[in-house]
Amino acid sequence: MNLQQLRYIIAVNRFRNFAKAADSCNVSQPTLSAMLQKLEEELDIRIFDRTNRSVTPTTAGEKIIRQAENALMEIERIGEIVSEDKGQIGGGFRLSVGPTIAPYILPKFIRHYREMFPSVELSIQEMKVNFMIEALQRGELDAGMAISGNVCDGVLEIPLYAEKFMVYLAESCWRKLPVFKPENLEHENMWIMKDAQCLRDSAFSFCKARSKGTHIYEAGSITTLVHIVDENGGFTIIPEMHLPFLNDRQRENVRPIEGDYLSQRRVSLYVKEDYVRERMLNTITDTMKTFMPAGMIGEGIMKYGIRL
């Protein structure tokens, strides 16, 4: 058994196709098949069931694949630990960002990160938080950025920043008060986005208000909600970082919300509990410090960065 064979079985499991797995490993399909067969003979067990239409791991194969993933991840860490101990930042870094955060963070983040850390091979995927957590647990990601409060077994949550929610009102709205409280807002006139606004302990307990009124629509984006309000009246809530996406006329329809915790959404960085690349994680926070609005990033992160 050798490391290359472990990489092959992980690739086959990922693609469930020998040709694609071989291509991803930069070897020919006969070479990959021969090495996999040799490993199965050595272990005296079948790792995959093969048919003309599918490739699926056996029950024992699933356990072997998980151990192979863990083994390769631990081996990769040896080189990473040595590099970081020497003060070097480089190699691959796999980051995932939630879809309700990505439009506000990624455009500037990618530009500044590439300028600041050109030796890092950055790979970014947009994922919903449940898939993100699962990928972290499997070792397929180094870190994920998503709404706070989604911690699971084996995953560490590191608070990054908090941004205020604002009320966006239709021009025809008769309650254009300078500052809003939750009780000022009638639920029957609200428009919501499930994934972005229905958060734990979040603004106005929108989750609890779903059954009220007749004008609740679960839109796919904040931009869509703003257009719906412009055309149909009522109101929605938008994160502070959405303000640059509004035109001058639309910004006149934005009002702050009274309160603190209940009118903020908090964003965290998620990593496996045994993750060791502290310097690499701080490339994220160092980059975000260059473009995030003042006061959003947590005081601890601003002063000390991330400490594992």
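What you see is a predicted model; the values in this text were computed from it and never measured.
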Q. Hey, are the side chains of M280 and V120 touching, using non-hydrogen atoms and a 4.5 Å cut-off?
A. yes
Q: Decide whether L95 and I297 are clustered together by the hydrophobic rule: side chain heavy atoms of Ile, Leu, Val, Met, Phe, Trp, Tyr closer than 4.5 Å, transitively.
A: yes
Q: Begin from the C-alpha positions of E163 and R265 and carry the test salt bridge (charged side-chain N to carboxylate O under 4.0 Å, His left out) through to its verdict.
A: CA-CA 6 Å; E163 63 175 321; R265 75 169 179 178; 2.8 Å; yes
(Q) When you compare the side chain of I238 with that of L246, does any pair of heavy atoms fall below 4.5 Å? (A) yes
Q: Measure the shortest side-chain to side-chain distance between D142 and K272 over non-hydrogen atoms and say whether it is less than 4.5 angstrom.
A: no
**Q.** Backbone of N150 reached by a side-chain donor or acceptor of Y270 within 3.5 Å
**A.** yes
Q) Does the side chain of L160 come within less than 4.5 Å of M288's, by heavy atoms? A) yes
Q: Before giving the answer on salt bridge (charged side-chain N to carboxylate O under 4.0 Å, His left out), spell out for E42 and K38 the whole-Å C-alpha distance, their side-chain angles and the decisive distance to 0.1 Å.
A: CA-CA 6 Å; E42 179 183 343; K38 184 177 180 181; over 6 Å; no
Q. Any chain of hydrophobic side-chain contacts (each under 4.5 Å) joining L122 to M127?
A. no
Q. Is there a side-chain contact between V12 and L32 (heavy atoms, below 4.5 Å)?
A. yes
(Q) Please enumerate all residues that pass side chain to side chain contact (heavy atoms under 4.5 Å, CB included) together with E41, with sequence neighbours excluded. (A) Q37
(Q) For a side chain to side chain donor-acceptor pair (under 3.5 Å) check, start with the C-alpha distance between S96 and Q125, then their side-chain angles and the critical distance, and finish with the verdict. (A) CA-CA 5 Å; S96 177; Q125 299 179 59; over 6 Å; no
Q) Passes salt bridge (charged side-chain N to carboxylate O under 4.0 Å, His left out), E40 versus R50? Steps please. A) CA-CA 13 Å; E40 289 180 321; R50 311 157 175 82; 2.9 Å; yes
Q. Hey, quick one: are Y8 and F15 part of the same hydrophobic cluster, counting side-chain heavy atoms closer than 4.5 Å, chains of contacts allowed?
A. no
Q) Are any of the side-chain heavy atoms of V167 and V254 separated by less than 4.5 Å? A) no
(Q) Does Y304, at its OH atom, have more than 12 non-hydrogen atoms belonging to other residues, nucleotides or ligands within less than 6.0 Å? (A) no
Q | Criterion side chain to side chain donor-acceptor pair (under 3.5 Å) on R266 and Q264, from CA distance to verdict | A | CA-CA 6 Å; R266 298 173 184 268; Q264 292 184 347; 3.1 Å; yes
(Q) Students often mix this up, so state it plainly: with edges at 30° and 60°, are the rings of F291 and H112 parallel, tilted or perpendicular? (A) parallel
Q: State, to 0.1 Å, how close P293 and M241 come at their nearest heavy-atom pair, and which atoms those are.
A: CD-CE, 4.5 Å
Q: Drop me the distance from Q4's CD to I9's CD1, to the nearest 0.5 angstrom.
A: 11.5 Å
Q) If we only count heavy atoms from C-beta on, is the L281 to V271 side-chain gap below 4.5 Å? A) yes
Q. Going by the angle between their ring planes, with limits at 30° and 60°, are F93 and Y113 parallel, tilted or perpendicular?
A. parallel
